[in-house]
Each structure stands twice: as C-alpha cells, then as structure tokens.
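Both backbone and side-chain heavy atoms feed into the values below; hydrogens, waters and symmetry mates do not.
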Amino acid sequence: MAGSGEQAVRRRARLAALLADTATAALRATDGRVAGVYLRGGGPGHGEVPELVGPADSPTVLRLAVLAGLPGPLFRPWWRLHAARPFPVSDAYRLGTPVVLPNATETVRRYPQFAAGLPFPFGSVHMPVPGGRASLGVLSVLRPSEAGADESLDRELLARLAEGLGVELLALADGDANAVVWDGEPQCVRPPVRRPPQAAMGRFTWDPVTRAVRADDRLHALLGLVPEGFEGTDTALAEALAPAEAYRVLAALADTAAGKPPPAPLSLRAGDGAPRLLDLWPADEGRPVPAVGGVVLDPGPVSLADGAADLLPQGVFCLDRLGVIVYANDAAARLAGAPDGLRGRTLWEAMPWLTGGPYEDHLRAALLSPEPVHFHVRRKGGETGGCDGLAVSVHPGDDLLTCTLVPASRMETPAGPRPPAEPVADDPATAAVYRPVALAIALTDAVTAQQVSAVVMRELLPAFGGRRLAIYLVQDRHMYLAWETGFPPGFLERFDGVGLDVRIPGVETLSTGRPLFFESMEQLAATYPGMPLDAEEGSRAFLPLIASGRMVGSCILGFDRPRRFSPEERTVLTALAGLIAHAMERARRYDSEAALARGLQQALLPSRLSAHPRVETAGRYLPGTEGLEVGGDWYDVVEAGEGLALVIGDVQGHGVQAAATMGQLRSAVRAFALGDRPPDEVLSGTNRLLIGLDPGQFASCCYLRLDPDTGRVRIARAGHPPPLLLSPGGRARALDVPGGVVLGVDPEARYPVTELELEPDAILALYTDGLVERVGADIDEGIAELCAALTRAGAAAGRRDGLSLDGVADRLTAAVRHAGARPDDVALLLAARSLRRA
C-alpha cells in the first residue's frame, strides 16, 4: 500500500496484523485446519517463474498474503495463482461469489487440478473479500471432510469476516481499491491453540509513553531467558516472544493502549520455539497514563515431553503447525544426525532429507486429514556412507504433529551420533507418477497451442526449478518458435524457421527422438562449438515432442545453475514431453478446425452494411472464447423499400450447427425485408421457417423498420433483450417494447409492433445478451450498465468533433473485447440519423 517513511511502516504492520487476525478468526469460526487470504499481486516477487510478456488483458495474479495452520514451504505451489485458472480461489475472486467444497468428492468433480495437487480428504470454503465493484481478494479455509460439513458451516459468519476485512483494507488504502495489493512471500502465523491454556503464566505491564515493560520472574522463565537478559523494552519483549512476528506484538500493544485489545489471545512462540499465548487488556482507567496489562501463558507442555519419551528406543519429535520442532528425544536427534539437538529448528533445517514432492505430500496429508501417515525415507550419510532407510510415522493432532523415526533395517536406536543428513532426490516411483498425472490434468483444459504452452510454463518449470522455457513447433519441415519465457529478448529469433537438417540441439533431439541433457553450459558449448549461447552459467534440457510417431516440435528447459539430471528425472521429463506433444498435436488440430469455423462465421456475417445518406450504422461481432469460437449471433442492415431494416439475432448454442442455423435465418430475414414486409410478418414468417427446418434449436431476434426521412421506427421483438435509445444530450434508456416468444417454439406465435420516432442525432442500440449477461448477476443490471456506458459514449461523441458511430461501438465493446474470457458471443448494432453535422 502507498505511503512513505514511518507511515508506510505502520500501515504495513497494521495490514499484516489485520490479515493474521482474520485468518485465525476464520479458523475459529469454521473449526478449520488451514486459513489464508489472497490479495492481488502488485509486482514480480523473488524467485518467481518469469512470464512471457502478454497483452494488456493478461490475467490478474493473486498472491497468498497470510497462511495460518500450515508451514509455508508445504503450500509453496499455491502461493501465487492466476485469476483465470480453474481453481476455487480464482473463481471466488473473479465471480465474486463464495465457492464451497464440502468434501474431496465435490472437489475432484469441480476442480480436478486443485484436487490433484492436494489429494487428501478435506473440504474447503473460499469467500471473496468485497471491495466496491470488484473483489479485493479471497479468504480461504481448509477444513476436515465430514458428512454434513456443508450444513454445519456458518457461511454468514465467514462472510462477515470477509466483509469486515474488505472494509479495513479499504480504510488502510484510503479508499483506493487498486492500492490493496501484496508483494512477496506470505506471512505464516500459528493457528489458535485448541487446548485450554495451563496455569503457567508470567504477568507484565507496559507504559506506552516510556515504552518500558515491568515483568515478574515467571515471564523470564516462560521466555527461556535469565532475568538480566531482558532489557525491559517493548521491542525486546516482542523479539523475545516472536522474532519473526514482532510487528504483531507491537501492533497489539498499541491497539490495546488505544482501547482496542485483541479479541482473543495471540498465538506466538518464545525465542526457543516453545508455543506461547499473549493476552492483553487496558489497565485501570484511573491511572494518569494509559497502560497495558498483559500475561504470557504456556499453552501446556507437549504430551510426550514429560520425560517418558526420552526412554523410548525409537526417535520421537513433535512439530507445531508451522513446522517448528517443539520437542525431540535424544534418539530422534541421533537418527537425524543432529548432535546439537532439534528443538526450535524447522523440520526442513533439521532434516533436509524430508524435503521433496512425495515427503511434503505426506506431511500435508497429516496436517489436513485426521488419519496418521506412514512412509519410508532414504537419507544419505549413514554409518556405512550409503543411503539408510528410516520408517517415519506422523500422527495428527489439533495443535501438534507427533512423529516417530525407526531404522528400516532394525528396531534399535544406534548408539552415538549419526553424520549429518544430506538431501536425496524425490522418490522416483512417486515422482514418476505424481508429476505426469498433475500435468495431464492441467492440460485437459488447454485447447490451443498458446494455452498448452502456458500450462507447461506454470506446471513444469516450478516442479524442476527451471527459469527458462521455449517451445518450437514443426511446420513444412522447419522449426518455428511458438512460446518463450525467461530467455534474453531476441535471442531465440535467430533459430526461428531453421530447417530440420540444421545441427542444433533443438533439432537433433527431434530428429533422433532422444532427449538431450547438458549439466553445464560448458558441456553444451563443447558439444555444439560455435553455437550462440544465451548464458555463461546454467544447464539445459532439450526434449523431443513426438506424438503417435509424428514430429510435433521440441521443448527447451533452462536452469540458471549447473545441475545433475538424475536417471529418475530424465525418465520423468521424457514422459512429460510425450504428454506435451499429444496436447500440442490436439491443440493444432483444434486451431485448424477453429480457423475453418471462424471462416464460416465471417462468410455468414455481412461484409458491409447497407447505407443511406441520412443514416449511419455500425456493427460489431465478438465470438465467445469457449469451444470453436463460433456461434449463432448475427446482425444485418437491409434496404427495405424507401427505408432500412435493422435486425439482430441470437441462435441458441455454439459451434458449426448454430452458425449454419444463423446463416439460414439471416437469409430468410433478408428475403422478407427486401419484400418490405412489416416487422411482425417478418418475425412470424421466420418463426415458421425455423420450425419447418426442425434444427432442434431456437433463436431470439429483434427487427425494426426505419424511415430515414421521418424518423419513424416500427419494432418487433422475439424473446430478445430490449433496444436502447440515447436521446441527443440525454441519458440512454431501455425501450419498453412488448414481444413474443423466441423463434422456433410456437408456430402460431404473434409479435406485436411498437412505434416510436428517432430524433436526429439520437442513437439506437441493438445487442445480444453476451454483452450484458454476467455470471451471478441479473441481466437487468447488465442492461443498466450498458445504458450508462452508452450515455458516456454519447457524451464523448458530442464533445469530440469527428467521433463517429464506430467510435461509440468501440467504447461499448471495449470491456468484453479485452476480457480474458467470453462465455458467449457478442453482437452490437448501432444506428443514428444525421449523427455527423454539416
């Protein structure tokens, strides 16, 4: 959020505290396991996958701003989401409506990509954070999957939390919704402790003027400090309680002094990693200086930390819900190769061999579901110097995970410390299945070559830590660049259009059908001397894209540092290349069919509109972005006697059949119009023709006859949205035009005619529902918005000399033209008498 100096720091601290409090309150309200808040991203963050620069309508990026109840590293794949992706968070943000998934079955049915990444038995609810005309973000909660979970969810309470967050966010941003953004990584906070706090506590008071803290000896003991180690200031207290969350303590002290104490104790931890609760209250009002009273509580000793677990032969340790080890017996420290102990360290610092896809999946399962998980892990650096196996069990709890370590080859704990553990690559069996399945599910929604490339960029690069991607496709025995990201600008252009006989790795991997892996740029330069390189340091993988024996293209993955490609990784990457190749082949067929369908659509629409010296017209057609991007919307202007006939219609459905029916109806209406038939007869005749054709479809239509000299207009309507009229210098309004049923339903249907006068310089607008319909909103709201847009466009036309009716049409269709997705076709037809002044 905008600001400078101390004000910006205070706003940032207040924003962080507000987000943390909302997430923990959402957990309490829903009995959830994990809660988070997504906000719009304000810029590129550290460590992100670079993106290909796209058009102005590139999808919004949502960033996870706060995460409560789950270690941040375990949720890293979901730190950053595109608002256009088929994910529940994205839909809640984009549509402005709650998305409730009571169980895993419903999640798999509605969001298979989301379910593939988190294949555990849990439900979730995603509540948009309102902020005026659009959402500011999304409040998400993951909760146990239970029978009747949807009915037990207090949606109203969660909605109030989201609404309250939206109000506070706008207040922090001084009412500017565009300033409500989040950059960088999420802040991770501990969820509220579910067990009642124990009696161990230490009291203190704080003077907001001198910023001095007075504390008893028990406070020092709870913080793990000797008395002289505490300096007696609020900053020292905050850092001793929670060095990574000091801003929350300081903000809570300031709010309490102002009479706004936290609604519940803050869940924090001491400097040694032990969980603590901080409760605050305003001191007596009779004091001359407002003061804050407080108490730090021990939420209760770890159940196994009473000494009994120290006698067990297997390793035992406990994690809090942020992945910090709060207890470990000596056997666990020896097995982990940590002679200095484990307590107070994060799991990934203490046991790096538990990182990686399969192991993180097991930990996520224990945090999100009530059942224990059991798995084996390999760790390097054992007593023999090879790979030792450990059997790991993780038992979930409300506040802690209790874990056991047992050597896979024997049940006794070896004497003496073990050497430090080193990371080991992911379990090849799990990786070989997990990553191709996840990519395959993501590719199911990609229908164009560009969409396939975007999926590969989002799913493949982060999985292997890549930073650069290029995809070349074969056409006429030449390689053409289809997608690139991360490479220096213009570098790959020199390889665009090369023949299949050129000796470069992108061509040779395709011609031989074998992937090529180069663990350093020096190795690549030595294999292909004289070939330009895009970097001095790094590694590259060249993958052939071959589908059903046909050469599709090649895929290049780039890494910033030298790296070794293990046999398992090479196998997985080769399998992924096959999936990409088949998706690309399917996308190319789709592109060819779509081009054919678009050609049919353009052939059926009028190449030019009939003209009259006293009437100006303008038409626009935008296909829907789903399916083949071809549908049944049409418009036309036809010479009818001494005047003009204007028509607009919408055939039900999309695809070639809808376009073919549209062509037949357009021809029928033109024939009736050329005969100068009245509007009601035109619609009645077209209705009977459509029923006689029996295409199994129906259509809406609006037809009007305009006399350019007198301005007399006669209108008939068949189930179509009402026309709009903008009077000169006035406001646009929807015309009250009675109508009949849609065409193709009732052969005896009648269509009443309404007459009106079109003043000079007035604008008449005909449109299809794709221009005014919005998901989750009433069509009347869309018509009202279009009226307002027409009023603004008409005012601009009056102010700017020479602005034509085409300019007005462009303004009215600007929003849908730049939208990331159009579920329906859009047609617009405008008409005006003597709009241009002499």
Measuring from [X]:[atom1] to [Y]:[atom2], what's the distance to the nearest 0.5 Å?
{"X": "Phe87", "Y": "His126", "atom1": "CZ", "atom2": "NE2", "answer": "10.0 Å"}
{"X": "Glu585", "Y": "Arg550", "atom1": "CD", "atom2": "CZ", "answer": "4.5 Å"}
{"X": "Phe542", "Y": "Ser554", "atom1": "CZ", "atom2": "OG", "answer": "8.5 Å"}
{"X": "His362", "Y": "Leu367", "atom1": "NE2", "atom2": "CG", "answer": "13.5 Å"}
{"X": "Arg620", "Y": "Asp810", "atom1": "CZ", "atom2": "CG", "answer": "4.5 Å"}
{"X": "Phe518", "Y": "Ser539", "atom1": "CZ", "atom2": "OG", "answer": "11.5 Å"}

Contact between Val138 and Val37 at the side-chain level, heavy atoms closer than 4.5 Å - yes or no?
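Side-chain contact under 4.5 Å: no.
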Nearest heavy-atom pair of [X] and [Y]: which atoms, and what distance?
{"X": "Ala177", "Y": "Leu136", "result": "CB-CD2, 3.8 Å"}
{"X": "Gly36", "Y": "Leu64", "result": "CA-CD1, 4.2 Å"}
{"X": "Arg40", "Y": "Val180", "result": "NH2-O, 3.9 Å"}
{"X": "Ile471", "Y": "Ser453", "result": "CD1-OG, 3.7 Å"}

Mind checking whether Tyr480 and His478 have parallel, tilted or perpendicular rings, split at 30° and 60°?
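Ring orientation, 0 to 90° scale: tilted.
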Counting the benzene-type ring for Trp, do Phe559 and Phe565 have ring centres under 6.0 Å apart?
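Between Phe559 and Phe565, the centre distance is under 6.0 Å.
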Count the heavy atoms of every other residue, nucleotide or ligand shown that sit under 6.0 Å from CZ of Arg561, and state whether that count exceeds 12.
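Count not over threshold, so no.
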Going by distance alone, is a donor N or O of one side chain under 3.5 Å from an acceptor N or O of the other, for Thr768 and Asp650?
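The answer is no; no qualifying pair exists.
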